[in-house]
Amino acid sequence: MSASLSTHVLDTGRGEPAGGVRVELLRGDEHVGTGETDDDGRIPELAAGLDAGEYRLVFHPPSPFFRRVELAIVLDDGHYHVPLLVSPYGCASYRGS
């Protein structure tokens, strides 16, 4: 089994993609992947060839309130896309396609 992960960050307060956002992927305390969103707010491949299991996806968004948004996710076989919608005082995420 092998999993891959992509993400993007949208700044809903400004109504545009959030470029330059650092994103980390960890398994336990081990860094598995790190990237920064492009001008379109995307990281097309944060990591690939991942073993199934639990990971932590950590965003460092452009918000005066949120300094770090961490999601615990479980990956199985296949591709996963996990976006973050962030505004100055709110955020949401979902499993995208």
Side-chain angles (χ1 to χ4, degrees):
M1 279 194 220
S2 179
S4 62
L5 182 72
S6 62
T7 187
H8 72 271
V9 180
L10 299 172
D11 185 332
T12 59
R14 293 184 322 180
E16 58 189 42
V21 176
R22 186 168 53 100
V23 181
E24 302 167 281
L25 181 65
L26 299 101
R27 185 161 194 194
D29 291 329
E30 176 188 356
H31 274 85
V32 177
T34 302
E36 189 171 289
T37 58
D38 61 18
D39 290 341
D40 196 33
R42 296 182 177 274
I43 300 177
E45 187 174 282
L46 182 60
L50 300 168
D51 293 330
E54 189 169 319
Y55 291 82
R56 293 183 293 139
L57 188 57
V58 182
F59 297 87
H60 301 273
S63 167
F65 182 70
F66 297 106
R67 297 292 179 232
R68 173 184 174 114
V69 175
E70 183 171 320
L71 303 172
I73 58 176
V74 177
L75 303 181
D76 200 359
D77 192 36
H79 180 73
Y80 293 80
H81 183 71
V82 182
L84 179 71
L85 308 176
V86 66
S87 67
Y89 299 103
C91 67
S93 185
Y94 58 95
R95 180 175 177 191
S97 57

Please tell me whether [X] and [Y] are part of a single hydrophobic cluster in this structure, the criterion being side-chain heavy atoms less than 4.5 Å apart.
X   : Y   : answer
V23 : V58 : no
L71 : F65 : yes
L5  : L85 : no
V69 : Y80 : yes

Checking the side chain of [X] only, and the main-chain atoms of [Y] only, is there a donor and an acceptor separated by less than 3.5 Å?
X   : Y   : value
D11 : P17 : no
S63 : P88 : yes
T12 : V86 : yes
D40 : R42 : no

Any chance you could measure [X], atom [atom1], to [Y], atom [atom2], to the nearest 0.5 Å?
X   : Y   : atom1 : atom2 : value
R22 : T37 : CZ    : OG1   : 11.5 Å
E36 : D38 : CD    : CG    : 9.5 Å
H60 : E24 : NE2   : CD    : 4.0 Å
R56 : I73 : CZ    : CD1   : 11.0 Å

query = Which one of D51, L46, L50, L26 satisfies the side-chain contact (heavy atoms from CB on, under 4.5 Å) criterion with V32?
reply =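 For V32, the side-chain contact (heavy atoms from CB on, under 4.5 Å) test succeeds with only one of D51, L46, L50, L26, which is L50.
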
request  = Search all heavy atoms of P44 against all heavy atoms of S6 and return the closest pair with its distance.
outcome  =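 Looking at all heavy atoms of both residues, the closest pair is O-CB, 3.0 Å.
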
Minimal non-hydrogen separation, G53 against R27, with atom names =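 In terms of heavy atoms, the two residues are closest at CA-NH2, 3.6 Å.
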
inquiry  = Does D77 have more than 12 heavy atoms from other residues, nucleotides or ligands lying within 6.0 Å of its CG?
reply    =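 It does: D77 CG has more than 12 such atoms within range.
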
Report all side-chain donor-acceptor pairs from residues 89-97 shorter than 3.5 Å, counting only partners two or more places apart or in another chain.
residue, atom, partner, partner atom, Å
S93, OG, P83, O, 2.6
R95, NH2, H79, O, 3.3

task = Flag the pair T7 / L84 as yes when at least one side-chain heavy-atom distance between them is below 4.5 Å, and no otherwise.
result =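 No - every pair of side-chain heavy atoms lies 4.5 Å or more apart.
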
ask   = Who are the side-chain hydrogen bond (donor to acceptor under 3.5 Å, both in side chains) partners of E16, not counting sequence neighbours?
value =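 E16 satisfies side-chain hydrogen bond (donor to acceptor under 3.5 Å, both in side chains) with R14 only.
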
message = Going by the rule ring-ring contact (aromatic ring centres under 6.0 Å, His included), which residues pair with H81 if we only count those two or more places apart in sequence or in a different chain?
response =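 Testing H81 for ring-ring contact (aromatic ring centres under 6.0 Å, His included), a comparison that skips the adjacent residues, returns H8.
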
